[in-house]
Amino acid sequence: MPPLPGRAKGGRFREPSGCAGRCHDDGDPGLPRGGGLMTPAVRPLLLLVFWVLAAPARPGSEGDGGWRRRGPGTSAAVAEEQRCTVERRADLTYAEFIQHYAFSRPVILQGLTDNSRFRALCSRERLLASFGDNVVRLSTANTYSYQKVDIPFQEYVEQLLHPQDPNSLGNDTLYFFGDNNFTEWASLFRHYTPPTFGLLGTTPAYSFGIAGAGSGVPFHWHGPGFSEVIYGRKRWFLYPPEKTPKFHPNKTTLSWLRDTYPTLTPSARPLECTIQAGEVLYFPDRWWHATLNLDTSVFISTFLS
């Protein structure tokens with residue numbers, strides 16, 4: 001089990017009813033009563049059921065952990081990009097990572113680690129049972145995180161974790177990411193396996209977050225790091241350090257996507273891609289980036305500082 005990464009001063013991480021085969025409606029052909037042999041018409045159906053149950057799940061398709069709310073008003077109606085412009089790699093070696101990506105461009109890593117245990121512990125039910133009474137620190141969803149608010153985790157999940165209003169400003173939106181108390185969340189973080197690729201002279205630090213559909217953080221930059229989606233989907237927009245994006249620091253990523261993005265020429269558009277559950281995005285040092293959660297999302301970043 002990997003040791004916990006470093007933390008910031010004050011003990012907080014840095015920014016970063018089933019019938020079980022017994023049902024049988026009268027008059028409906030199906031399995032005979034009394035445990036007899038299957039009729040020929042039933043065998044193909046059962047084979048299909050067994051095939052579906054045994055088929056391996058695709059990345060991001062293993063369920064939503066109870067985080068996706070159903071019903072009216074539960075979707076921010078934000079789509080994925082038409083074309084992902086960030087390379088995906090499932091077989092990347094450390095030497096290739098250093099040579100081609102670490103200091104030059106983002107990359108999406110697949111299958112690098114197995115965090116299925118951590119993912120199970122991050123379901124809505126389990127997190128509320130384990131940390132519902134814990135006080136968490138929320139930040140406003142603008143570039144500089146002007147305001148911090150402390151609130152019980154259960155209250156955040158049940159009352160504030162709703163789809164983003166496209167007309168809200170960043171300082172009107174409270175966002176749970178980073179500022180995780182080292183001691184209180186250690187029992188969860190010790191089950192997380194961070195990406196195995198490091199950079200010489202850096203120390204990893206976790207930032208854990210949960211946010212509603214349509215929420216996100218507008219453009220900003222900092223040191224290099226990895227960001228893994230545990231549940232949901234997170235759309236990323238990235239520019240290299242020398243190409244400052246056009247944005248307002250107190251307008252949300254959702255409003256930027258609606259108002260500014262359509263006016264950009266092809267050459268002025270960012271690199272962009274939607275990160276699915278189980279995928280990890282690496283972003284190099286000082287790269288501008290903005291994020292947009294397409295669903296209620298659970299995610300964790302490993303900052304290299």
Side-chain angles (χ1 to χ4, degrees), residues 59-60 64 67-69 72-88 101 104-108 139-146 160-177 209-222 225 227 229 231-277 279-284 286-299 301:
D64 56 31
W67 290 107
R68 183 175 295 180
R69 304 288 90 187
T74 59
S75 173
V78 180
E80 296 186 11
E81 68 287 338
Q82 292 185 347
R83 185 173 70 91
C84 172
T85 52
V86 180
E87 190 177 358
R88 278 185 164 93
Y101 304 101
S104 56
R105 66 184 191 269
V107 61
I108 299 167
S139 302
T140 50
N142 43 29
T143 296
Y144 304 113
S145 298
Y146 301 109
L160 298 181
L161 201 59
H162 48 67
Q164 174 77 50
D165 179 351
N167 298 313
S168 295
L169 293 175
N171 59 3
D172 296 327
T173 305
L174 292 173
Y175 191 85
F176 175 46
F177 179 55
I210 304 171
S215 65
V217 178
F219 283 103
H220 63 286
W221 60 265
H222 43 66
S227 182
V229 173
Y231 287 109
R233 298 169 297 157
K234 183 183 287 285
R235 188 170 169 182
W236 282 71
F237 308 89
L238 305 109
Y239 285 101
E242 68 276 8
K243 196 171 183 179
T244 303
K246 178 184 177 182
F247 72 101
H248 188 289
N250 198 35
K251 288 191 175 180
T252 64
T253 306
L254 189 59
S255 65
W256 175 87
L257 182 64
R258 178 192 62 188
D259 301 332
T260 304
Y261 182 89
T263 69
L264 300 176
T265 63
S267 62
R269 290 196 171 182
L271 293 179
E272 57 180 309
C273 200
T274 297
I275 311 304
Q276 308 288 336
E279 293 184 322
V280 179
L281 173 77
Y282 170 76
F283 49 88
R286 297 177 180 268
W287 270 65
W288 289 95
H289 54 278
T291 60
L292 181 63
N293 297 295
L294 304 191
D295 312 303
T296 297
S297 300
V298 181
F299 43 92
S301 291

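None of the values given here were measured: they were computed from a predicted structure. In this chain, residues are counted from 1 in sequence order.
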Taking atom CG of Leu271 and atom SG of Cys84, what is their separation to the nearest 0.5 Å? 9.0 Å
Pro218 and Pro249: which non-hydrogen atoms are nearest, and at how many Å? CG-O, 3.9 Å
Once you round to the nearest 0.5 Å, how far does CD1 of Ile108 lie from OH of Tyr282? 14.5 Å
Which of these, Phe237, Trp236, Phe247, sits in a ring-ring contact (aromatic ring centres under 6.0 Å, His included) with Trp288? Phe247
Sub-3.5 Å donor-acceptor pair from the side chain of Tyr239 to the main-chain atoms of Ala268, do we have one? yes
Ignoring hydrogens and geometry, is there a side-chain-to-backbone donor-acceptor pair from Ser297 to Ala211 under 3.5 Å? no
With Ser267 via side chain to side chain contact (heavy atoms under 4.5 Å, CB included) - residues at least two apart: Thr265
So, the side chain of Thr85 versus the backbone of Glu272: is there a donor-acceptor pair under 3.5 Å, distance only? yes
Give, for atom CG of Leu161 and atom CZ of Phe176, the distance between the pair rounded to the nearest 0.5 Å. 10.5 Å
Contacts of Arg269 meeting side chain to side chain contact (heavy atoms under 4.5 Å, CB included) (sequence neighbours excluded), chain-then-number -> Tyr261, Leu264
When rounded to the nearest 0.5 angstrom, what distance separates CZ in Arg68 from OH in Tyr231? 12.5 Å
Could you point out which residue of Thr253, Thr291, Leu294 forms a side chain to side chain contact (heavy atoms under 4.5 Å, CB included) with Arg235? Leu294
Indicate the atoms forming the closest heavy-atom contact of Cys273 with Glu81, along with that distance. C-OE1, 3.4 Å
Taking the side chain as every heavy atom from C-beta outward, state whether Arg258 and Lys251 have any pair of such atoms under 4.5 Å apart. no
So does Phe219 get a backbone contact from the side chain of His289, meaning a donor-acceptor N/O pair under 3.5 Å? no
Of all the heavy-atom pairs spanning Trp221 and Arg286, show the shortest one and how long it is. CH2-NH1, 3.0 Å
Between the side chain of Trp256 and the main-chain N/O of Lys246, is any donor-acceptor distance below 3.5 Å? yes
Would you check if the distance from the ring center of Phe283 to the ring center of His222 is below 6.0 Å? yes
For side chain to side chain contact (heavy atoms under 4.5 Å, CB included), just list the numbers for Val86 and Leu238, CA-CA rounded to whole Å, side-chain angles, deciding distance to a tenth of an Å, and then say yes or no. CA-CA 9 Å; Val86 180; Leu238 305 109; 4.2 Å; yes
Heavy-atom closest contact (Tyr175 atom, Lys234 atom, distance): OH-NZ, 3.5 Å
Identify the heavy atoms of Ser227 and Ser301 that sit nearest to each other, and give their distance. OG-OG, 3.3 Å
Heavy-atom check, side chain of Phe299 versus side chain of Asn293, under 4.5 Å: yes
Gln82 CD: over 12 foreign heavy atoms closer than 6.0 Å: no
About how many Å separate CG of Leu160 and CD1 of Ile210, when rounded to the nearest 0.5 Å? 12.5 Å
Test item: Pro106 and Tyr101 side chains (from C-beta on) under 4.5 Å apart, heavy atoms: no
Rounding to 0.5 Å, atoms CD (Glu80) and CG (Leu292) come to a distance of 11.0 Å
